[in-house]
Amino acid sequence: MGTMNKDVIRLERESVIPILKPKLIMKLAYLIELASDRDEFLKLCKRIEYTIRAWYLLQFEDLMQLYSLFDPAHGGKRLEQQRLSPEEIDVLEQNFLTYLFQVMDKSNFKIVTDEEIDVAHSGQYLLNLPIKVDESKLDKKLLSKYFAEHPTENLPEFSDKYIIFRRGIGIDRTTDLFIMEKLDMIISRLWTWLLGVTRIQKLFSKRPSIRSKKDPKKSDEISADADPEDLVVERIRIENMEISPRKLLTNITIQEPTFDRMIVVYRRASTKTNTDKGIYVKHFKNIPMADMELVLPEKKNPSLTPMDWVKFLISAVVGLVALVSSLEMPTADIWVVIAVLSGVIGYCAKIYFTFQQNMATYQNLITQSMYDKQLDSGRGTLLHLCDDVIQQEVKEVIISFFILMEQGKATIEDLDLRCEELIKEEFGQSCNFDVVDAVQKLEKLGIVARDTLGRIFCVGLKRANEIIGTTTEEMVLKAKTSATP
């Protein structure tokens with residue numbers, strides 16, 4: 001089944017290294033020829049991880065201590081026990097958000113922009129109902145104050161109420177009959193054709209959006225200056241397919257790019273009887289872009305769309321006119337009257353049952369997102385993020401050191417290119433390597449330096465292990481081993 005037109009999205013490479021750390025270390029160690037150097041490299045990798053983990057320990061401990069005061073489940077009682085003033089509570093919650101946003105940045109999460117929201121709304125995937133947030137149930141002070149003190153570019157319109165982070169790109173494919181969706185699409189196209197023929201289409205045209213701009217990431221053609229390493233994904237949607245009544249019983253496959261991880265941060269609005277200080281942090285996985293509404297907080301129950309109501313009314317009016325006309329005929333045929341009534345009732349029933357089908361799908365998707373797509377929330381999400389930061393930092397440092405050890409001195413630009421080439425050649429993955437942060441960590445460890453020309457070079461493996469020294473974890477493991485009978 002072909003498509004009427006291509007819908008292509010170009011997605012920029014991200015800074016996440018999509019390789020498991022054990023696999024990365026073992027592969028790099030395998031590339032080292034001498035067994036003695038291989039052992040020293042494996043020891044160095046452990047010491048790098050132990051040291052970086054220790055660097056972040058205090059920062060993460062502060063983050064978790066602060067969140068314990070704003071945990072929606074038990075934070076309220078802890079705040080009461082502290083007997084803090086409103087001003088002191090405001091300071092603590094802003095400190096928590098500052099730590100949280102720093103961790104999100106280190107984990108290579110990005111804030112979802114209005115342009116990405118527009119792309120999501122520009123098409124449908126499995127969710128075919130308009131989902132809206134009940135803004136009256138969301139607090140507007142917490143995030144507004146944070147962004148007023150920490151100006152951030154490209155904030156979405158809803159950033160005063162909730163914020164959505166995303167990271168990683170994937171592809172979701174679904175194969176099914178989609179009979180109801182096909183029928184709805186055929187009828188929608190007939191409806192559009194009818195509006196065009198009757199020249200009343202202007203009555204249903206939408207007002208242009210204020211942000212009506214061409215999205216640089218959504219185009220049928222890839223621009224000449226596009227990064228060749230960017231991921232290009234075609235959105236295969238029912239509304240772009242050539243559908244005929246004969247193909248209603250044929251399986252089709254639809255496709256949509258996904259965000260591998262999404263995190264939503266918000267606070268519920270306080271009521272007259274209850275002041276809510278809880279901060280919600282919810283973590284989702286594999287969310288299709290077109291169904292991004294699944295992660296929205298405090299969703300309203302969907303209802304019939306304005307277009308559905310218009311179809312109802314016009315169908316009723318047309319049916320009533322046809323019915324009156326048939327009754328006024330000199331020889332009114334009862335079968336004509338029945339046919340007209342059946343047609344009107346059938347069409348209205350179709351609209352209603354399509355809505356009910358979409359509602360069932362919506363409820364199923366919500367349930368699936370809660371049980372399958374929601375990874376964690378609150379403290380569990382924060383612990384996951386903290387470990388994620390460490391894993392990414394360790395992988396960046398190890399890859400950078402390995403390149404300097406194997407290929408010699410390099411400028412910061414050359415090192416960046418070589419690291420990306422290594423990941424591509426040895427693991428078949430692409431990423432935008434964060435070389436600046438990796439070099440800073442290596443310099444802090446004291447195992448790299450710069451020559452008079454500014455080129456970066458590393459010390460030998462044995463010397464690097466001596467500089468870092470024996471870590472606390474190694475001493476504990478050694479004591480545990482020696483104590484074992």
Side-chain angles (χ1 to χ4, degrees), residues 52-107 109 111-112 133-152 155-165 261-284 295-300 370 374-390 393 472:
I52 291 178
R53 189 176 293 276
W55 287 349
Y56 281 108
L57 181 61
L58 292 178
Q59 180 181 346
F60 292 161
E61 183 65 23
D62 289 342
L63 175 69
M64 301 308 296
Q65 288 293 335
L66 284 170
Y67 183 71
S68 68
L69 300 176
F70 304 107
D71 182 351
H74 308 291
K77 294 181 180 179
R78 296 190 179 101
L79 277 176
E80 289 179 5
Q81 294 172 357
Q82 297 291 329
R83 296 184 178 180
L84 300 171
S85 66
E87 292 75 18
E88 290 173 325
I89 293 176
D90 288 345
V91 171
L92 290 176
E93 64 188 18
Q94 290 302 314
N95 287 343
F96 167 73
L97 288 180
T98 301
Y99 281 130
L100 176 62
F101 276 67
Q102 288 175 353
V103 171
M104 300 299 291
D105 182 61
K106 284 292 184 182
S107 294
F109 275 88
I111 295 176
V112 171
V133 173
D134 189 347
E135 297 184 357
S136 65
K137 294 183 178 180
L138 295 174
D139 173 78
K140 299 180 182 179
K141 297 178 181 179
L142 177 68
L143 291 170
S144 296
K145 185 174 182 179
Y146 174 82
F147 288 120
E149 297 176 0
H150 302 82
T152 306
L155 284 176
E157 290 181 347
F158 51 77
S159 60
D160 60 328
K161 296 173 283 292
Y162 58 96
I163 204 75
I164 302 175
F165 295 91
R261 296 288 184 269
M262 299 194 81
I263 292 178
V264 184
V265 181
Y266 65 97
R267 168 181 282 171
R268 287 178 178 169
S270 299
T271 62
K272 293 180 180 180
T273 58
N274 180 38
T275 300
D276 194 342
K277 288 295 182 179
I279 299 177
Y280 292 81
V281 183
K282 296 188 176 182
H283 193 184
F284 300 86
V295 305
L296 294 177
E298 302 299 327
K299 292 181 281 291
K300 293 180 180 179
M370 293 300 294
Q374 184 169 337
L375 287 175
D376 215 327
S377 63
R379 183 178 178 85
T381 296
L382 297 181
L383 289 172
H384 178 88
L385 285 172
C386 293
D387 184 69
D388 207 35
V389 169
I390 294 171
E393 298 272 304
T472 303

Compare every heavy atom of [Y] with every heavy atom of [X], then report the nearest pair and how far apart it is.
{"X": "Asp160", "Y": "Leu143", "value": "O-CB, 3.9 Å"}
{"X": "Val264", "Y": "Pro297", "value": "CG1-CD, 4.2 Å"}
{"X": "Ser136", "Y": "Asp134", "value": "OG-OD1, 2.6 Å"}
{"X": "Leu385", "Y": "Phe109", "value": "CD2-CE1, 3.6 Å"}
{"X": "Leu100", "Y": "Leu63", "value": "N-CD1, 3.8 Å"}
{"X": "Val389", "Y": "Ser107", "value": "CG2-OG, 3.0 Å"}

- prompt: When you look at Leu142 and Leu97, which way does the side chain to side chain contact (heavy atoms under 4.5 Å, CB included) test go after all the steps?
  reply: CA-CA 9 Å; Leu142 177 68; Leu97 288 180; 3.7 Å; yes
- prompt: Between the side chains of Glu298 and Tyr162, is a donor N or O closer than 3.5 angstrom to an acceptor N or O?
  reply: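 There is no such pair (donor and acceptor under 3.5 Å, judged by atom type) between the side chains of Glu298 and Tyr162.
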field: Donor-acceptor side-chain pairing of Tyr67 and Arg379 below 3.5 angstrom
entry: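 Checked: Tyr67/Arg379 side chains show no N/O donor-acceptor pair below 3.5 Å.
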query: So, the side chain of Thr152 versus the backbone of His150: is there a donor-acceptor pair under 3.5 Å, distance only?
result: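 Checking the backbone N and O of His150 against the side chain of Thr152, a donor-acceptor pair under 3.5 Å is found.
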- request: Evaluate the side chain to side chain contact (heavy atoms under 4.5 Å, CB included) criterion for residues Ile164 and Met262: first the C-alpha distance (whole Å), next the side-chain angles of each, then the deciding distance (0.1 Å), finally the verdict.
  value: CA-CA 7 Å; Ile164 302 175; Met262 299 194 81; 3.5 Å; yes
Can you tell me how far apart [atom1] ([X]) and [atom2] ([Y]) are? Round to the nearest 0.5 Å.
{"X": "Lys137", "Y": "Tyr266", "atom1": "NZ", "atom2": "OH", "result": "11.0 Å"}
{"X": "Ser68", "Y": "Gln82", "atom1": "OG", "atom2": "CD", "result": "8.0 Å"}
{"X": "Tyr56", "Y": "Asp387", "atom1": "OH", "atom2": "CG", "result": "12.5 Å"}
{"X": "Leu79", "Y": "His74", "atom1": "CG", "atom2": "NE2", "result": "13.5 Å"}
{"X": "Asp62", "Y": "Gln65", "atom1": "CG", "atom2": "CD", "result": "8.0 Å"}
{"X": "Glu135", "Y": "Lys300", "atom1": "CD", "atom2": "NZ", "result": "7.5 Å"}

Can you check whether [X] reaches [Y] side chain to side chain, under 4.5 Å on heavy atoms?
{"X": "Tyr146", "Y": "Thr98", "value": "yes"}
{"X": "Leu375", "Y": "Arg261", "value": "yes"}
{"X": "Asp90", "Y": "Lys145", "value": "yes"}
{"X": "Phe165", "Y": "Ile111", "value": "yes"}
{"X": "Ile163", "Y": "Pro156", "value": "yes"}
{"X": "Ile89", "Y": "Lys277", "value": "yes"}
{"X": "Phe158", "Y": "Leu296", "value": "no"}

query: Given the side-chain rings of Phe147 and Phe101, with only the six-membered ring counted for Trp, is the space between their centroids under 6.0 Å?
result: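 That pair passes the under 6.0 Å test.
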Ion pair check, Asp388 and Lys106, cut-off under 4.0 Å: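 The answer is no: the pair does not qualify as a salt bridge.
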message: For Arg267, is there an ion pair with Glu93 - N to carboxylate O distance below 4.0 angstrom?
response: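 Salt bridge: yes.
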query: How far apart are the C-alpha atoms of Leu382 and Met64, what are their side-chain angles, what is the distance that settles it, and do they pass the side chain to side chain contact (heavy atoms under 4.5 Å, CB included) test?
result: CA-CA 8 Å; Leu382 297 181; Met64 301 308 296; 3.7 Å; yes
